[in-house]
Amino acid sequence: MSSKSSKKNISFKAIYAVLGVALACLTPIRIYQLICLNERDSSGFFARINPSVYIFYALAIIFAVALFVLVTLSNKVTASKSVRGKSKSLLIGSALFALGLAYDTGICVGSFIKAVTSYGAGSNVMAYLFSNGMFALFFEAVFGLCACIYFILFALYYNDGKGNFSDYKFLALTPLFWAMFKTVYRFMTKISFTVLADLMLELGMLIFMMLFFMSFARISSQVCQKYEMRKAMRYGLIGAMFALVIGISRLAVTVCGLSSTLPTGFPFSLTDLTFGIFAIIYVAACSKSGRSASEDDLLADNDEKPSKDTVDEDFLNN
């Protein structure tokens, strides 16, 4: 853990400004690439490489590193405890993400049923399901549904400030499991990684999404949450950057009636947008909670057995 004296007076307004600049730079480039550079067979490869490809990847790396460093050095990061009491922003953010998860779950269930019912009889169905990632898709749907339920409970708490979502420790982990199986399914995509922008972007988003949900689960369930808020903030903002670039660019192309330029298997997904919105709202709400990061020093170390004394018992009293 870095010493307190090494932290800088970096406000979250400055960090959000960097995120805004990142979206303003990356999204138009990605829309241009989807319309003008992708192969027309919808394989996801670039039909040709021009300077925009190198510029896009370079900027994506630069902005991701900038967000990581700024949050790491900022002394404005708050304690690793959930925001307490009513919060309209968290109510809206978690409700939107629950909607996105419901959308993703519906797509997964539909794809799984279609794959099973269309597969010819008399062959090895189990081998087919394993080789085509259908089991990963099935578990993505299962954990997506559980995560949807959790974020509904999350939203209900911030609607009236009553209840305690920290009791649902398994449900708090389901967004992480959902992202993990989503990643497994993407890794089984039968296509080259060499110059495939969409797959590389999604994997970047999913990696930071998993890291965010790992810290989010610890903070929300009050288990081993010491020093997790800084991780949740930096991974959440980087994941949001990738998610919003993906979501906005695909939405723009779809609205313009050019969805045929999107690679097969990579359509617009409401989940990308809603995750990006939720991650930003979550970080913003936590950064305004007013709880000093020094409170983390009062929490039990991660390798200690949790006790009643380490639980944030006043969670429901505000």
Side-chain angles (χ1 to χ4, degrees), residues 15-16 18-34 37-38 43-46 49 52-72 97 100-101 104 133 136 140 175-216 231-253 262-280 282-283:
I15 296 173
Y16 301 144
V18 171
L19 177 60
V21 172
L23 295 176
C25 291
L26 294 173
T27 306
I29 297 175
R30 188 62 197 133
I31 293 172
Y32 161 75
Q33 291 175 345
L34 286 172
L37 298 187
N38 275 13
S43 65
F45 289 100
F46 288 120
I49 304 294
S52 74
V53 175
Y54 304 110
I55 292 171
F56 181 84
Y57 285 132
L59 288 176
I61 293 171
I62 290 170
F63 283 122
V65 171
L67 289 170
F68 185 94
V69 171
L70 289 173
V71 176
T72 299
F97 189 48
L101 287 165
D104 184 78
E140 180 185 337
L176 172 61
F177 295 148
W178 166 77
M180 287 173 61
F181 281 105
K182 196 174 184 69
T183 305
V184 170
Y185 181 68
R186 278 308 184 206
F187 265 119
M188 299 186 76
T189 300
K190 296 180 178 179
I191 198 165
S192 170
F193 286 70
T194 309
V195 289
L196 179 66
D198 283 277
L199 185 53
M200 290 182 69
L201 280 175
E202 281 210 9
L203 291 177
M205 174 189 72
L206 290 168
I207 288 169
F208 288 107
M209 186 185 286
M210 286 189 291
L211 291 170
F212 168 74
F213 280 132
M214 191 179 299
S215 294
F216 171 81
K231 297 177 185 178
M233 288 181 168
R234 61 193 179 199
Y235 298 139
L237 290 178
I238 298 173
M241 180 188 76
F242 282 110
L244 291 175
V245 169
I246 292 170
I248 295 172
S249 60
R250 291 181 185 173
L251 176 62
V253 170
L262 294 175
T264 302
F266 293 86
F268 165 72
S269 174
L270 185 63
T271 318
D272 300 332
L273 286 179
T274 55
F275 167 74
I277 294 169
F278 170 74
I280 292 173
Y282 180 79
V283 171

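Position 1 is the first residue of the sequence; numbering continues from there. Only heavy atoms go into these numbers, but all of them, side chains included; no hydrogens, no water, no symmetry mates.
- Here CZ of Phe266 is found 7.0 Å from CZ of Arg250. Values are rounded to the nearest 0.5 Å.
- Evaluation of the side chain to side chain contact (heavy atoms under 4.5 Å, CB included) rule for Val69 yields Val65, Leu73 as partners, not counting sequence neighbours.
- Partners of Met210 under the side chain to side chain contact (heavy atoms under 4.5 Å, CB included) rule, at least two apart in sequence or in another chain, are Leu176, Ala179, Met180, Thr183.
- Between Cys25 and Phe56, every side-chain heavy-atom pair lies at or beyond the 4.5 Å cut-off.
- Remark: Ile55 engages Ile29, Pro51, Leu59 in a side chain to side chain contact (heavy atoms under 4.5 Å, CB included) (not counting sequence neighbours).
- Here Thr274 pairs with nothing under the side-chain hydrogen bond (donor to acceptor under 3.5 Å, both in side chains) rule; sequence neighbours left out.
- With sequence neighbours excluded, no residue satisfies ring-ring contact (aromatic ring centres under 6.0 Å, His included) with Tyr32.
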(message) Go through it in stages, so that I can follow the logic: the residues are Asp104 and Glu140, the test is side-chain contact (heavy atoms from CB on, under 4.5 Å), and I'd like the CA-CA distance, side-chain angles, deciding distance and then a yes or no.
(response) CA-CA 9 Å; Asp104 184 78; Glu140 180 185 337; 2.9 Å; yes
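- Counting heavy atoms from C-beta on, the side chains of Met214 and Tyr235 never come closer than 4.5 Å.
- You'll find the side chain of Tyr16 reaches within 4.5 Å of the side chain of Val283, heavy atoms only.
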(message) Show, in sequence, the C-alpha distance, side-chain angles and deciding distance for Leu101 and Phe275, and conclude whether the side-chain contact (heavy atoms from CB on, under 4.5 Å) test is met.
(response) CA-CA 9 Å; Leu101 287 165; Phe275 167 74; over 6 Å; no
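- By the 30° and 60° cut-offs, the orientation of the rings of Tyr282 relative to Phe212 is perpendicular.
- Not counting sequence neighbours, the partners of Ile248 by the side chain to side chain contact (heavy atoms under 4.5 Å, CB included) test are Thr27, Leu244, Leu273.
- In this structure the side chain of Val21 reaches within 4.5 angstrom of the side chain of Phe63, judged on heavy atoms.
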